[in-house]
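Notes for the one structure printed next.
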2 protein chains.
Amino acid sequence: MAGDQLSAVFSALADPTRRAIIAELAERDATVTELTAPLSISMPAVSRHLKVLERAALISRSRSGKWRASHLEAAPLREAADWIARYRRFWDSSLTRLDAHLAAVQAAGPATDRMADDPRELG
Amino acid sequence: MAGDQLSAVFSALADPTRRAIIAELAERDATVTELTAPLSISMPAVSRHLKVLERAALISRSRSGKWRASHLEAAPLREAADWIARYRRFWDSSLTRLDAHLAAVQAAGPATDRMADDPRELG
DNA sequence: CATACGCTTAACCTTCTGGTTAAGTGAAGG
DNA sequence: CCTTCACTTAACCAGAAGGTTAAGCGTATG
């Protein structure tokens, strides 16, 4: 299981250490040693976390001498965000008219659409 | 690890079967039997997936006679979306001018070029 | 009331995960 | 050179995950 891209991304994000690494890389590229420093685990453990992130395409890595820098790649995060966004209508009360319309269409539920009586169509 | 709420949510979303269940519940509440039908796994397996989703607070369940209906609870999805949204500037091309400025400042310039000399200059 | 139904729990198995320490690789440098 | 540094890989372990079948439990129902 968990073979598809989305699963790999969510699975990568499920670990707090990896989220911390992502947060760090959001500020600057970093070497394995730099990433290990603030964490309370060994460097091999960090190395494997990086491999997981790399497999999920959440980071890319460049070699320069004996250092390897990790760089955040956000494209998979967008896919994850897009997936979650499908359910945005379930929590967001400030829906735009377009969102409401699409939500109504997707839900295929006529009664639940509170804006169905609004004559204004989306522009 | 993986004890916090966010980890539980991402971990729950990491499984394709559970995402399928969420997609189903987004359309209508459903019993365990109804949820099991389109899936190629046994009912006990689905029952455990539901328990995982319940622990992540992604669903609530109500009992009615011998049937138990599952209901989607989207609040945790919002938390997950909020976390990912922190990195939106890394993929969203429609940045505001302020966001672009902050992104440029935080990225802190061409790190990979200087890395060849000394990794400490990465930041 | 006996039985079938809906679902959960138990027991078991295999695979995955995340950590460790120790050894291996390749570039820097005294 | 030959060591040190940065990092990866290997070997190992404990526990979690996800599947199965079988059994249990409570509610409908013929």
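Per chain, numbering begins at 1; letters A, B, ... match sequence-line order.
- Phosphate contact (OP1/OP2 of C:dG19, side-chain N/O of A:Ser42, threshold under 4.0 Å): absent.
- Taken to the nearest 0.5 Å, the OG1 atom of A:Thr17 stands 12.5 Å off from the CZ atom of A:Arg48.
- Contact annotation: A:Thr33 does not reach the phosphate of D:dA6 (side-chain N/O to OP1 or OP2, under 4.0 Å).
- For the pair B:Leu13 and B:Val9, the minimum side-chain heavy-atom distance is below 4.5 Å.
- Spacing between atom CD1 of A:Ile59 and atom C1' of D:dC7 amounts to 13 Å, rounded to whole angstrom units.
- Among residues two or more places apart in sequence or in another chain, the salt bridge (charged side-chain N to carboxylate O under 4.0 Å, His left out) test is passed with A:Glu24 by A:Arg28.
- For the pair B:Gln5 (side chain) and B:Ala56 (backbone), a donor-acceptor distance under 3.5 Å is present.
- Computed from coordinates, the B:Ile41 CD1 to C:dC7 C1' distance equals 14 Å when rounded to whole Å.
- Taking a 4.0 Å limit (strictly below) on heavy-atom distances, residues 61-74 of chain B reaches DNA chain D at B:Gly65, B:Lys66.
- Considering only the side chain of A:Pro44, D:dT8 comes nearest among D:dT8, D:dT21, C:dG19.
- Residue B:His49 has a polar side-chain atom (N or O) positioned under 4.0 Å from OP1 or OP2 of D:dG19.
- A:Ser47 is linked by a side chain to side chain contact (heavy atoms under 4.5 Å, CB included) to nothing, counting only residues two or more places apart in sequence or in another chain.
- The phosphate of C:dC7 has OP1 or OP2 within less than 4.0 Å of a side-chain N or O from B:Thr31.
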Begin with the C-alpha distance, continue with both residues' side-chain angles, and end with the deciding distance and a verdict on salt bridge (charged side-chain N to carboxylate O under 4.0 Å, His left out) for B:Arg78 and B:Asp82. CA-CA 6 Å; B:Arg78 190 171 80 80; B:Asp82 286 349; 3.2 Å; yes
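- Every residue was checked against the salt bridge (charged side-chain N to carboxylate O under 4.0 Å, His left out) condition with B:Arg18, not counting sequence neighbours, and none meets it.
- Going from atom CZ of A:Phe10 over to atom C1' of C:dT17 covers 19 Å, rounded to whole Å.
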Which letters describe nucleotides 11-17 of chain D, given B = protein heavy atom under 4.0 Å from base, S = only from sugar-phosphate, - = neither? -------
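- Legend: residues meeting side-chain hydrogen bond (donor to acceptor under 3.5 Å, both in side chains) with B:Ser60, ordered by chain and number and at least two apart, are B:Glu73.
- A distance-only check finds no donor-acceptor pair linking the side chain of A:Ser64 to the backbone of A:Trp67 [under 3.5 Å].
- Distance B:Met43 CE to C:dA4 P: 17 Å, rounded to the nearest Å.
- Atom-to-atom, CG of A:Leu50 to P of D:dT9 comes out at 12 Å; the value is rounded to the nearest Å.
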